[in-house]
Amino acid sequence: MASPMQDFESLTFWRPPPPAPFVMSAPLHLRHNPPKRQMGGRKQALETLHNFLNARSLGYRGGISSPLSAPDACSRLSAYLAYGCISMREVVQQTRAHITQLPSTASRHRAGLTAFTSRLYWHCHFIQKLESEPAIEWRNMHRGYDDLREQDFDFEKFEALKEARIGWPMVDASVTMLRETGWLNFRMRAMLVSVAAYPLWLHWRPVGEWLATQFLDYEPGIHWSQLQMQSGTTGINTTRVYNPIKQAQDHDPKGIFVRRWLPAMRQIPNTWLFEPWKMPVELQHSVGVKDGFELAMPVVDLATATRESKHKLHALRKTTEVRKGKEAVIEKHASRKTTPRATKTKSTKTNSEQQLGFNF
């Protein structure tokens, strides 16, 4: 019988074939030190928790999606949890205690803290998923997706993404904010991975290694599960494709976020805010910017590249081999929590019950 170490060594650890010259990305423990990061320490962690419970959680529901409101609406405890400055038990117990102390009229405040509590369940749930199958850090959860993207890895597109020169303002602004602060809200993180996985068609592993060095709150259990879910390689999740132009329209309609992090965008008129590369040349000259220099040109046509990538993924999903493999993934990773039909229907499940499946 093979030892656990032999089993570990036999697993596939995929990396893209190196070009020449090639410099491997920094090890995960060599994270950068963002100049605008949160300050660490036990005192700061407790102050952040106290401030969130008493004030900022009022904006939690409805405020965590936009990169404009999320820095305040989110708890901002993730880095403190990752570094052990505060424990999950402390956060859960103090949140529950605070909910019980709220007056009956504080419905909005209670709703925010209840939604936050459900996210704490997610946190522990996904850490357990990695503990039950450590290999999801380096190989596809559903092995039927092996070789889907591996042979098509484009280093130039990957470098453009890391350098915030991919061409879609919302993406480049998110990468810049991440580089400067070490933090992004969940929706923008999901958008980055979706853009990498679909229009750029990059394998999730190198993208995940890079992001792991950027996130100040890197938590392996959550990180690698999300990389695979957003890339469509779990085999059990709905395809998640975030359109970066639509995300900008929905969550930054006035361009406040992209103009903050991309100085060249401050000269762009609102009319061309979401697709500045389409701005007439004469207008570019009049506002003092030029596509390809101050502003990056999109590296691919978004609509065409996304359509082609979804076609490849969905064609593979229809094969008999992949359909059969899906059952094994569900057996190992899908939530075992069910609700009797006689007492509760799907539409009346609590937030935590809905979120505890692998698909959230």
Side-chain angles (χ1 to χ4, degrees), residues 23 32-38 63 65-73 154-185 187-202 207 210-211 213-216 241-307:
V23 179
H32 75 312
N33 187 17
K36 299 178 181 179
R37 65 176 173 82
Q38 288 177 258
S65 292
S66 170
L68 295 174
S69 56
D72 289 324
D154 190 317
F155 278 89
E156 291 186 2
K157 292 176 183 175
F158 187 32
E159 289 303 311
L161 177 64
K162 292 192 293 183
E163 293 171 4
R165 293 193 60 79
I166 210 66
W168 300 305
M170 199 67 164
V171 176
D172 290 339
S174 294
V175 172
T176 304
M177 179 182 175
L178 179 58
R179 182 176 62 220
E180 294 296 308
T181 70
W183 186 86
L184 271 180
N185 65 313
R187 181 173 287 272
M188 294 302 102
R189 297 184 191 212
M191 179 192 68
L192 286 186
V193 178
S194 172
V195 166
Y198 293 100
L200 303 186
W201 202 240
L202 299 173
V207 174
W210 162 60
L211 289 174
T213 67
Q214 303 299 297
F215 291 140
L216 199 64
V241 181
Y242 287 72
N243 183 320
I245 298 175
K246 185 177 186 302
Q247 291 301 308
Q249 293 169 335
D250 291 346
H251 300 293
D252 189 30
K254 296 181 180 180
I256 297 172
F257 175 71
V258 298
R259 284 171 171 147
R260 176 182 179 182
W261 295 107
L262 301 177
M265 288 296 296
R266 297 168 191 171
Q267 310 303 319
I268 304 300
N270 289 342
T271 305
W272 307 99
L273 184 62
F274 305 115
E275 299 175 289
W277 59 90
K278 293 183 178 180
M279 191 166 52
V281 175
E282 58 272 17
L283 183 56
Q284 291 181 34
H285 292 163
S286 68
V287 299
V289 299
K290 186 176 181 181
D291 282 346
F293 293 91
E294 293 89 354
L295 293 174
M297 291 286 289
V299 296
V300 296
D301 179 79
L302 180 62
T304 300
T306 301
R307 182 172 57 252

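Being a predicted model, the structure only gives us computed values, none of them experimental. Side chains are part of it too, since the values below use all heavy atoms of this structure and drop only hydrogens, waters and symmetry mates.
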Are any side-chain N or O atoms of [X] and backbone N or O atoms of [Y], one a donor and one an acceptor, separated by less than 3.5 Å?
X      : Y      : result
Asp252 : Met170 : no
Arg259 : Arg266 : no
Ser286 : Leu283 : yes
Gln247 : Met188 : no
Asn185 : Ala70  : no
Arg165 : Val299 : no
Ser194 : Ala190 : no

Quick one: closest heavy-atom pair of [X] and [Y], and the distance?
X      : Y      : result
His251 : Leu68  : O-CD1, 3.8 Å
Thr176 : Ala164 : OG1-CB, 3.5 Å
Pro280 : Trp272 : CD-CZ2, 3.5 Å
Leu302 : Thr306 : O-OG1, 2.7 Å
Phe257 : Ala173 : CE2-CB, 3.6 Å
Ser174 : Leu192 : CB-CD2, 4.1 Å

Atom CZ of Arg260: over 12 foreign heavy atoms under 6.0 Å | no

So Thr181 and Leu216, side chain to side chain contact (heavy atoms under 4.5 Å, CB included) or not? Walk me through it.
-> CA-CA 8 Å; Thr181 70; Leu216 199 64; over 6 Å; no

Return the [atom1] to [atom2] distance between [X] and [Y], rounded to the nearest 0.5 Å.
X      : Y      : atom1 : atom2 : result
Trp261 : Asp172 : CH2   : CG    : 14.0 Å
Leu262 : Gln267 : CG    : CD    : 12.5 Å
Tyr198 : Asn243 : OH    : CG    : 14.0 Å
Lys36  : Arg179 : NZ    : CZ    : 10.5 Å

Are [X] and [Y] close enough that some pair of their side-chain heavy atoms sits under 4.5 Å apart?
X      : Y      : result
Ile166 : Leu200 : yes
Leu161 : Val171 : yes
Met279 : Val289 : yes
Pro169 : Trp277 : yes

Examine Lys162 relative to Phe158 and say whether NZ or CZ is less than 6.0 Å from the centre of the six-membered ring and inside a 45° cone about the ring axis.
-> yes

Trace of the side chain to side chain contact (heavy atoms under 4.5 Å, CB included) decision for Met177 with Trp183 = CA-CA 7 Å; Met177 179 182 175; Trp183 186 86; 3.9 Å; yes

Taking only residues two or more places apart in sequence or in another chain, which ones pass salt bridge (charged side-chain N to carboxylate O under 4.0 Å, His left out) with Asp72?
-> none

Trace of the side chain to side chain contact (heavy atoms under 4.5 Å, CB included) decision for Trp210 with Val175 | CA-CA 11 Å; Trp210 162 60; Val175 172; 4.1 Å; yes

Begin with the C-alpha distance, continue with both residues' side-chain angles, and end with the deciding distance and a verdict on side chain to side chain contact (heavy atoms under 4.5 Å, CB included) for Lys157 and Trp201.
-> CA-CA 9 Å; Lys157 292 176 183 175; Trp201 202 240; 5.9 Å; no

